[in-house]
2 protein chains.
Amino acid sequence: MPTRGGDTRARILTASAELFARQGYHGTGLSELLEAVGLGKGGLYHHITSKEQLLLEIMLGPIDRVLASSDRILAGDADATTKLRALGTDLGGAMAADLAAWTVFLREYSALGQTGKTQVLQRRQDYLDRWRRVLTDGAAVGEFRELDLAFVESVLGLFIYTFVWDRDSSPPEALTDSIMGVLMHGVCAPTRRRGGAKRA
Amino acid sequence: MPTRGGDTRARILTASAELFARQGYHGTGLSELLEAVGLGKGGLYHHITSKEQLLLEIMLGPIDRVLASSDRILAGDADATTKLRALGTDLGGAMAADLAAWTVFLREYSALGQTGKTQVLQRRQDYLDRWRRVLTDGAAVGEFRELDLAFVESVLGLFIYTFVWDRDSSPPEALTDSIMGVLMHGVCAPTRRRGGAKRA
DNA sequence: GCTACCCGACCGACCGGTCGGTCGGTAGGG
DNA sequence: CCCTACCGACCGACCGGTCGGTCGGGTAGC
């Protein structure tokens, strides 16, 4: 069965994402890629232009998807709390659905060339700006505390590390809930002003 | 000035940590290492046994340090809130002091051989167990909420990603405060039961 | 004080192997 | 007859690692 349509390319993308996630970009040789995809060198290079271009494609996929859905979320007229929860649910779902590519996205930034870095960095900033916007909007109307938003830099890391290291023991929804629970309310017991002193 | 004592080895450690952090382990060749350290191949291999062993050493350094200080923190008789804050401050300080090695620790797990993986994994679990213990102890006495602790898997990622991506714009103490603020209290405005409904 | 020797630090040519990538070719459906 | 999909021999560069050797300070013998 020759000519199976354009799905050879998709097979290349998913197989290489998995390999890159497991062994790293530089740690994965063409030969392993070839075996996983079931092609010879010539066949592979018929579909891709270079290994690095392949990496870039793997990394842009997931971020572009959440970027698109975050726009949809921000466009709605829900309150900030609801939007924040939606961002989290969406991000958790996206990671669960495409864990390998996300792992690559988070680990292999430094393996990109200069133009690739610029593109990924731009997407990253755009996406985190969505989170920042919801957070500052929510703070403006009193839904959220006034926050130093430095921690937003790690939202992606926060999610992906939980997913990567805990993947087998909990369903993705539980992981997302765990993360969002802390993000929304922290670990401290609510209200109950303990002692009051303690300062600092 | 020949024979400068054992500091050549230290120079190798810090230089390679920086290189591995910037370009990845597999992305860094011996030749770059050589140039950074200012040695020839023979000289380098006089001090190390293999590149992979060097990687392992870089990765065990930081985790062993916070592991040791976390023991000191847990041994005290402060309340859970204070201990948690101490863990965060200690971790943030350790990362700020040794950012390169921490970056390697978080990114290059997959470049390790089997025995290296086992050692690092063990340390990682030990350390996160300290956090879990403080969290569950605090929950038992009512200082903290009852929590699904899945998110603890990402405490290391949470910190390091903030530090790596935000390193130049804020001092380390501010980053730690930002992270610990969210970790302790979340983003939601305190007390004030807004609407009450909203369920979810 | 001088010589003889030793040893640790370091050098760089060299090893086999693997890297990412190219290219001339071909099978087969339109 | 051409075009898409694919093959695998082959390329030079570079990989991590080894090895025979150099060099200079420390020290023991006299």
Side-chain angles (χ1 to χ4, degrees), chain A residues 1-59 104 107-117, chain B residues 1-59 104 108 110-117:
Chain A
M1 98 189 29
T3 311
R4 326 161 93 244
D7 68 357
T8 300
R9 199 184 162 75
R11 256 172 45 236
I12 293 172
L13 263 296
T14 63
S16 55
E18 222 129 293
L19 250 11
F20 291 171
R22 189 149 16 104
Q23 329 181 33
Y25 171 74
H26 288 298
T28 303
L30 254 345
S31 57
E32 298 165 274
L33 215 42
L34 263 19
E35 194 182 359
V37 176
L39 286 178
K41 266 191 182 181
L44 178 65
Y45 272 79
H46 178 70
H47 294 283
I48 70 173
T49 68
S50 76
K51 196 191 169 197
E52 192 182 308
Q53 175 64 35
L54 177 59
L55 173 64
L56 180 60
E57 220 163 305
I58 291 170
M59 290 177 69
V104 174
R107 289 210 189 125
E108 302 293 346
Y109 175 76
S110 57
L112 256 9
Q114 195 45 59
T115 68
K117 276 186 171 139
Chain B
M1 85 189 44
T3 312
R4 326 163 93 245
D7 69 357
T8 301
R9 200 184 161 73
R11 256 173 45 235
I12 294 172
L13 263 295
T14 63
S16 55
E18 221 129 294
L19 250 11
F20 291 171
R22 188 147 20 102
Q23 330 181 37
Y25 171 73
H26 289 296
T28 304
L30 255 344
S31 56
E32 298 166 273
L33 214 41
L34 263 19
E35 195 182 355
V37 176
L39 285 179
K41 268 193 184 179
L44 178 65
Y45 272 80
H46 178 71
H47 294 283
I48 70 173
T49 68
S50 75
K51 194 189 169 198
E52 193 182 308
Q53 175 63 35
L54 177 59
L55 173 63
L56 180 59
E57 221 163 303
I58 291 171
M59 289 177 68
V104 175
E108 301 294 346
S110 57
L112 255 9
Q114 194 47 60
T115 70
K117 275 186 172 140

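On a predicted model such as this, the values are computed, not experimentally measured, just so you know. Here is the naming used below: chain letters follow the sequence lines, and residue numbers restart at 1 for every chain.
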Quiz item: Within this structure, what is the CG-to-C1' distance between A/Leu55 and C/dG20, rounded to whole angstrom?
Solution: 14 Å

Quiz item: Roughly how far apart are B/Leu44 CG and B/Leu39 CG, rounded to 0.5 Å?
Solution: 6.5 Å

Self-check item: Any residue of residues 20-29 of chain B with a heavy atom less than 4.0 Å from an atom of DNA chain C
Solution: none

Quiz prompt | Spacing between A/Leu34 atom CG and D/dA9 atom P, to the nearest angstrom | solution = 13 Å

Quiz item: Starting at CD of B/Glu32 and ending at C1' of D/dC14, how long is that distance when rounded to a whole Å?
Solution: 11 Å

Self-check item: Whole-Å gap separating C1' (D/dT4) and CG (A/Leu39)
Solution: 13 Å

Quiz item: What residues in residues 44-53 of chain A put a non-hydrogen atom under 4.0 Å from any atom of DNA chain D?
Solution: A/His46, A/His47

Practice problem: Find the distance A/Glu35:CD to C/dC19:P and express it as a whole number of Å. | Solution: 12 Å

Practice problem: Determine whether more than 12 heavy atoms belonging to other residues, nucleotides or ligands lie under 6.0 Å from atom CD of B/Gln53. | Solution: yes

Exercise. Enter the distance from A/Lys117:NZ to A/Tyr109:OH here, rounded to the nearest 0.5 Å.
Key: 6.0 Å

Quiz item: Does the side chain to side chain contact (heavy atoms under 4.5 Å, CB included) test come out yes or no for A/Leu54 and A/Leu33, once each step is laid out?
Solution: CA-CA 11 Å; A/Leu54 177 59; A/Leu33 215 42; 4.0 Å; yes

Quiz prompt | Positive for side chain to side chain contact (heavy atoms under 4.5 Å, CB included) with A/His47, one of A/Leu13, A/Val37, A/Ile12 | solution = A/Ile12

Exercise. Kindly point out which of D/dC15, C/dC19, D/dC6 is positioned nearest to the side chain of A/Thr8?
Key: D/dC6

Quiz item: For A/Ser31 and A/Gly43, take the nucleotide of DNA chain C holding the closest heavy atom to each; which residue's nucleotide lies nearer the 5' end?
Solution: A/Ser31

Self-check item: OG on A/Ser16 to CG on A/Leu55, rounded to 0.5 Å
Solution: 8.5 Å

Practice problem: Please check if the side chain of B/Lys51 supplies one atom and the backbone of B/His26 the other of a donor-acceptor pair under 3.5 Å. | Solution: no

Practice problem: Return the nearest nucleotide to the side chain of B/Leu30; candidates are D/dG16, C/dC19, D/dC15. | Solution: D/dG16

Practice problem: Could you grab the distance from atom OH of B/Tyr45 to atom CG of B/Leu34, nearest 0.5 Å is fine? | Solution: 9.0 Å

Quiz item: Counting only heavy atoms not in A/Glu52, do more than 12 sit closer than 6.0 Å to its CD atom?
Solution: yes

